[in-house]
Amino acid sequence: MIATLVLKLTETCNLDCTYCYMFNSEDKTYTRVPKYLPLETGLQVLDHIGAYLWRHPGHRIRLVLHGGEPSLWPETSMTPFLEAVAALRNETQRLSLGFQTNLYDYDAGLLSRVAAAGGSIGVSLDGPGAYNDRRRVTKGGNGSYARVAENLRRLEADGLLDAFGGVLSVADPEIPPETYLEWVGTLPKKRVSVLWPIHYNHDAPPQHDYGAWYAELFRLWSAADDPSIDIRIFRDAIKRMLGSAHHGDGVGGDRLNSIVVNTDGQYERHDYLRYFADGAVRTAYNVREHGLETAANDAVIRRCADLRDTLPEECRICEHSEVCGGGFVANRLGGAGVDFSRKSVMCGDHRRFFDAVRSYLG
Ligand code: SF4
């Protein structure tokens with residue numbers, strides 16, 4: 001079953017982040033598809049979502065507007081599309097909306113329209129300016145932090161903080177954990193997701209001790225005991241260890257039931273495959289001819305929807321199996337073909353982090 005549909009409104013960006021999986025990874029799909037999603041294709045996607053929700057009572061879908069940079073989608077497409085999303089949300093009551101932006105450009109009108117459509121605005125930032133600006137750079141190589149931080153303040157000043165869903169960071173062990181935690185405390189809403197790096201797999205093993213970094217950040221966060229600071233992977237790990245079936249992309253490892261639609265209308269597998277190989281994300285299906293169930297039948301999407309089927313043998317006897325499930329999907333790839341049957345190349349890092357959470361819970 002599909003829980004999340006990631007819709008690529010654009011295949012272009014106003015930044016050039018060094019680790020970007022859309023434009024600076026193995027995958028070069030962006031060179032072969034349109035820069036902008038045609039409005040008609042976006043509306044077809046909404047039709048498919050509506051039909052899917054009608055056929056599957058009780059199911060919910062999260063639609064995430066993504067890119068590239070989604071705010072670069074022409075206003076003549078964005079406005080009618082958001083109106084159609086709002087209508088579908090009202091009609092079904094089972095559709096939620098996310099808008100993932102770098103917030104480098106600020107358009108109060110656009111962000112208000114996203115908020116009016118019930119959307120939650122996620123902002124990508126990788127910690128304090130001195131660290132963020134080594135990776136999240138403009139096409140001219142300059143740092144982006146000062147401008148994005150100013151735009152975050154404008155979001156607050158414009159009364160859009162309720163629609164701000166939080167910050168998405170990629171973990172960076174070069175940031176001292178205490179520095180990162182202090183920085184989270186300065187955000188207008190202290191809510192962050194800290195992602196395992198997706199650019200490591202069995203062909204490209206990690207270069208840093210991520211496990212020690214996560215473990216120390218967790219230790220500092222739990223010692224601070226400040227409920228206003230919400231670090232999603234910590235919340236997810238605690239819930240899971242306390243017996244919840246709750247899962248996140250970095251926790252649980254049991255399913256990844258999302259689907260992507262690119263600007264040419266092609267259904268794609270999760271973005272986590274973009275670092276693995278050029279074209280590894282592509283399926284044989286497109287929105288002009290196929291509905292969501294057909295796309296969900298793609299062999300890799302089906303395997304992602306139930307990763308328990310490919311839980312590596314050594315993970316079955318691991319004490320963290322329930323919460324780790326073989327590790328973060330992107331880090332399990334490598335070799336020929338899309339294969340999840342090996343445990344994560346970051347097993348030691350996952351283990352160190354989950355050890356810290358388990359020892360906290362006692
Ligand atoms: S910590 Fe390692 S062995 Fe344990 S479930 Fe995760 S990847 Fe498998």
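Index from 1, following the sequence. Note that these values count all heavy atoms, side chains included, but never hydrogens, waters or copies made by symmetry. All ligand and atom numbering here is 1-based and tracks the order in the structure.
In terms of protein heavy-atom proximity, atom 6 (Fe) of ligand 1 is closest to C324 SG, 2.3 Å. At the top of the distance list for atom 2 (Fe) of ligand 1, counting protein heavy atoms only, stands C347 SG, 2.4 Å. The nearest protein atom to atom 8 (Fe) of ligand 1, hydrogens excluded, is given as C315 SG, 2.3 Å; this is a heavy-atom distance. From the protein, the heavy atom lying nearest to atom 5 (S) of ligand 1 is G326 N, 3.5 Å.
In summary, the atoms of ligand 1 found under 4.0 Å from a heavy atom of C318, numbered by their order in the structure, are 1 (S), 3 (S), 4 (Fe), 5 (S).
In summary, of the residues considered (Y19, Y275, F328, Y210), a ring-ring contact (aromatic ring centres under 6.0 Å, His included) with Y200 occurs for Y210 alone.
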Review point. E69 and T12: side-chain contact (heavy atoms from CB on, under 4.5 Å), yes or no, with the steps?
Key: CA-CA 6 Å; E69 170 50 40; T12 185; over 6 Å; no

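Between the choices R352, R351, E319, M346, the shortest heavy-atom distance to atom 3 (S) of ligand 1 belongs to R351.
We find that R303 and D339 are not joined by a salt bridge, their nearest charged nitrogen and carboxylate oxygen being 4.0 Å or further apart.
Using a distance-only test at 3.5 Å, with no hydrogens or angles considered, no donor-acceptor pair links the side chain of D230 to the main chain of R191.
R147 forms a cation-pi arrangement with Y104, by the criterion of a distance under 6.0 Å to the ring centre and an angle within 45° of the ring axis.
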